[in-house]
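Before any comments, here is the structure.
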Amino acid sequence: MKIYNTLSRCKEDLAPIAPPQVKIYSCGPTVYSFAHIGNMRTYVFMDLLRRTLKLNGFVPLHVMNITDVGHLTDDADDGEDKMVRGAREQKKTPWEIAQYYTDVFLQDIDSLNIDRPEIIPRATEHIEEMIAFVEGLVNNGYAYETSDGIYFDIEKFADYGKLSGLSLDDQLSGARVEVNPEKHHPSDFALWKKAPKEHIMQWPSPWGMGYPGWHIECSAMSRKYLGDFFDIHTGGVDHIPVHHENEIAQSEGLLGHPAVKYWMHGEFMLVNGGKMSKSLKNTYTLTELAQKGFSPLHFRYFCLNAHYRNKLNFTWDGMSAAKVSFERLLAGVMAHKGAAGSVPAGVIDDLRAQFLDAVNDDLNVPKALGIVWNMVRLPEKSDEVYRMLIACDAILGLDLDRQPAQQAETAHDPEIEARIQARQQAKKDKDFALADSIRDELKAKGIVLQDTPQGVKWHKE
RNA sequence: GGCGCCAUAGCCAAGCGGUAAGGCAGAGGUCUGCAAAACCUUCACCCCCGGUUCGAUUCCGGGUGGCGCCUCCA
């Protein structure tokens with residue numbers, strides 16, 4: 001299979017370090033508030049990678065962190081810790097906040113059929129490893145101490161910027177001015193912060209009480225679980241310029257060699273053509289989608305319709321289209337289940353091969369989805385096709401073996417059922433004008449009737 | 001100001017040199033008393049201008065337009 005490596009800027013054949021195992025690290029959530037659907041898109045991408053690896057016979061050893069400390073509100077290292085701020089705003093302890101949002105997050109990814117990574121470590125449980133990592137950097141000269149923390153000495157690391165293609169000068173030219181005269185270089189970032197006494201989350205360290213910088217957790221935890229050199233590191237594109245550059249600097253500074261073979265990044269989701277972010281407050285959550293009648297799998301299908309390296313514009317119209325399309329797909333799959341028809345083996349093999357080629361080409365899932373539709377639309381309905389579709393679902397994760405969502409047949413409502421009976425009688429009497437007027441009457445109340453071979457069905461609009 | 005991505009039908013979206021997957025919407029049809037639902041059929045010469053090539057949506061150069069990053073953010 002081929003994957004796109006951000007570092008080399010091209011598609012490369014995946015050659016794992018120690019096949020069949022593939023070691024992956026994915027930047028996980030900071031659990032200080034609800035994750036939004038833009039976040040979720042990135043985890044769907046992560047999941048598609050996992051599933052494709054498995055389909056190709058690889059065995060993922062996958063780590064995704066939970067950031068429950070140390071993520072400052074700003075990379076200038078002056079901001080408040082996000083966990084602490086979330087706790088203050090919600091009048092709870094940071095640990096309560098973290099536990100609550102971690103639980104919600106894990107439920108969310110479960111509902112999206114995102115396979116849980118094998119290891120999901122929390123930053124607060126790896127403070128020791130982080131301290132050891134920072135000590136290592138201090139000892140070999142890549143880090144220095146100031147009155148408020150330990151900083152990475154960015155100018156000591158010649159390769160800084162190799163992932164993003166930004167030089168330090170580039171980054172500075174338009175960036176905000178920051179004032180911290182103790183720092184050797186404005187882009188030097190905090191590895192460890194010394195905590196004021198009143199700071200809620202703090203741990204003992206060789207530099208007194210304090211808490212870790214954001215970037216160090218990924219370097220420390222990936223090293224602990226995956227070793228000094230692992231296969232794939234994933235995240236959102238926004239991580240490229242700062243977070244992942246800093247990770248590279250830390251890890252290579254300590255190890256003297258790269259820690260990651262392939263870097264993969266998921267593109268952003270847009271809203272109405274523009275950026276989605278917490279700071280713009282134009283984010284939606286899965287809960288909000290549910291309130292509008294969209295299930296997590298509707299959203300997953302929506303994501304599958306675009307390539308992970310392209311921006312995807314979220315609109316409610318687009319979401320509706322995905323919902324309709326997905327429900328029809330499920331119905332189409334069911335039409336093949338147990339069907340007696342037979343499709344030439346050549347046709348089956350060809351479609352199966354097309355599907356595999358698509359997903360193995362840097363996870364071209366939208367293309368693969370088109371091929372799935374071609375499978376469903378085969379005129380001959382056959383259980384062989386059904387089984388092939390279910391096999392494809394190992395990648396898609398759409399529960400294709402599930403019945404389409406029934407247009408909810410609302411439970412008993414004697415009043416409505418009486419009107420429906422009246423309409424049935426009118427139809428029997430060939431009094432279609434009356435029958436239609438009853439239908440219109442119910443429609444005005446938001447009750448939609450459907451005559452089906454199985455009888456009259458109704459649902460609320 | 002610097003870095004980068006993208007530009008395909010009403011909308012979403014594949015495509016990586018040989019005359020354009022798929023989905024939604026629309027149109028026509030089958031079915032239905034009529035609808036609805038379902039199913040079938042149908043619907044594009046790919047932003048503009050040059051260049052390379054037998055041949056370009058696909059490669060190169062130049063425009064124009066949109067977006068993202070260089071603050072936190074997936």
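By convention in this document, chain letters (A, B, ...) are assigned in the order of the sequence lines, proteins followed by strands, and residues within each chain are numbered from 1.
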Counting only side-chain nitrogens and oxygens, does Lys275(A) get under 4.0 Å of the OP1 or OP2 atom of rC69(B)? yes
Of Gly236(A) and Ala322(A), whose nearest nucleotide on RNA chain B comes first from the 5' end? Ala322(A)
Could you give the CZ-to-P distance, from Arg377(A) to rA21(B), as a whole number of Å? 16 Å
Just call it for Asn374(A): base, sugar-phosphate, or nothing, with non-hydrogen atoms closer than 4.0 Å on any strand. sugar-phosphate
Ring-face cation of Lys311(A) near Phe268(A) (centre distance under 6.0 Å, axis angle within 45°): no
Heavy-atom distance under 4.5 Å between the side chains of Ile24(A) and Asp231(A), does that happen here? no
Using the C1' atom as the point on both nucleotides, what is the distance between rA21(B) and rU71(B), in whole Å? 41 Å
Among rG23(B), rG22(B), rG68(B), the one nearest Tyr301(A) by side-chain distance: rG23(B)
Paired with rA37(B): which nucleotide, if any, by Watson-Crick or G-U wobble criteria at under 3.5 Å for both distances? none
So what does Gly266(A) hit on the nucleic acid, given a heavy-atom distance under 4.0 Å: a base, only sugar-phosphate, or nothing? nothing
Are the ring of Trp373(A) and the base ring of rG22(B) both nearer than 5.5 Å at their centres and tilted by less than 30°? no
Is a side-chain donor-acceptor pair under 3.5 Å present for Glu245(A) with His215(A)? no
Look at the side chain of Arg309(A) and the base of rC5(B), then say whether one donor and one acceptor between them are separated by less than 3.5 Å. no
Please report the distance, rounded to the nearest Å, between NZ in Lys427(A) and C1' in rA36(B). 11 Å
Please work out which of the three classes, parallel, tilted or perpendicular, describes the rings of Tyr308(A) and Phe45(A), given edges at 30° and 60°. parallel
Distance, C1' atom - from rC40(B) to rC67(B), rounded to whole angstrom: 40 Å
Kindly point out which of rC24(B), rG33(B), rA74(B) is positioned nearest to the side chain of Met269(A)? rA74(B)
How far does the P atom of rU53(B) sit from the matching atom of rG63(B), given to the nearest Å? 23 Å
Please write out the pairs of protein N or O atoms and N or O atoms of nucleotides 6-11 of chain B separated by less than 3.5 Å, giving the distance to one decimal.
none

Ranking Lys367(A) and Ala435(A) by the position along RNA chain B of their nearest nucleotide, the one closer to 5' is Lys367(A)
Does the plane of the ring in Phe189(A) sit parallel, tilted or perpendicular to the ring in Phe152(A)? Use 30° and 60° as the thresholds. parallel
Figure out the CG/C1' separation between Leu163(A) and rC70(B), and round it to whole Å. 14 Å
Which of parallel (below 30°), tilted (30 to 60°) and perpendicular (above 60°) describes Phe314(A) and Trp316(A)? perpendicular
So what does Leu449(A) hit on the nucleic acid, given a heavy-atom distance under 4.0 Å: a base, only sugar-phosphate, or nothing? base
Among rC24(B), rA14(B), rA36(B), the one nearest Gln450(A) by side-chain distance: rA36(B)
Pairwise P distance, rA7(B) and rC12(B) [rounded to whole Å]: 12 Å
For the side chain of Ala306(A), counting heavy atoms from C-beta on, which of rA14(B), rC69(B), rG23(B) is nearest? rA14(B)
If you measure from the Lys or Arg side-chain nitrogens to the Asp or Glu carboxylate oxygens, is any gap between Lys261(A) and Glu12(A) under 4.0 Å? no
Passes side chain to side chain donor-acceptor pair (under 3.5 Å), Thr315(A) versus Asn313(A)? Steps please. CA-CA 6 Å; Thr315(A) 61; Asn313(A) 188 23; 5.7 Å; no
Separation of the C1' atoms in rC60(B) and rG28(B), to the nearest angstrom: 45 Å
State which residue, out of Asn65(A), Val260(A), Thr234(A), Ile232(A), fulfils the side chain to side chain contact (heavy atoms under 4.5 Å, CB included) condition with Tyr25(A). Asn65(A)
Considering only the C1' atoms, how many Å lie between rU8(B) and rC47(B), rounded to the nearest integer? 10 Å
Picking from rG33(B), rA14(B), rA74(B), the nucleotide nearest the side-chain atoms of His307(A) would be rA14(B)
With both distances under 3.5 Å as the test, what is the Watson-Crick or G-U wobble partner of rG18(B)? rC54(B)
Paired with rC45(B) by Watson-Crick or G-U wobble geometry, both distances under 3.5 Å: which nucleotide is it? none
Provide, to the nearest angstrom, the distance between the NE2 atom belonging to His215(A) and the C1' atom belonging to rU71(B). 12 Å
Picking from rG33(B), rG68(B), rA74(B), which would you name as closest to the side chain of Leu270(A)? rG68(B)
Which whole-number value in Å describes the distance from Phe314(A) CZ to rA74(B) P? 18 Å
Just the rounded figure in Å: distance from C1' of rG22(B) to CG of Asn364(A). 11 Å
Between Asn56(A) (side chain) and Thr52(A) (backbone), is there a donor-acceptor pair under 3.5 Å? yes
Does any nucleotide pair with rC67(B) by Watson-Crick or G-U wobble geometry, both distances under 3.5 Å, and what is it? rG4(B)
Given rA74(B), rC12(B), rA14(B), the nucleotide with the shortest approach to the side chain of Asn305(A): rC12(B)
Checking base pairs now: Watson-Crick or wobble, both atom distances under 3.5 Å. What partners rG10(B)? rC24(B)
Ion pair present between Asp357(A) and Lys367(A), side-chain N to carboxylate O less than 4.0 angstrom? no
Which of rA14(B), rC69(B), rC39(B) is nearest the side chain of Arg328(A)? It is rC39(B)
C1' atom, rG62(B) versus rU52(B): distance in rounded Å? 15 Å
Taking CE from Met375(A) and P from rG23(B), how many angstroms apart are they, rounded to a whole number? 14 Å
Nearest to the side chain of Arg423(A), which nucleotide is it out of rA14(B), rA74(B), rC34(B)? rC34(B)
Let me know the distance between NZ of Lys323(A) and C1' of rA25(B), rounded to the nearest Å. 17 Å
Distance check, C1' atoms only: rA14(B) and rA44(B), in whole angstrom units. 14 Å
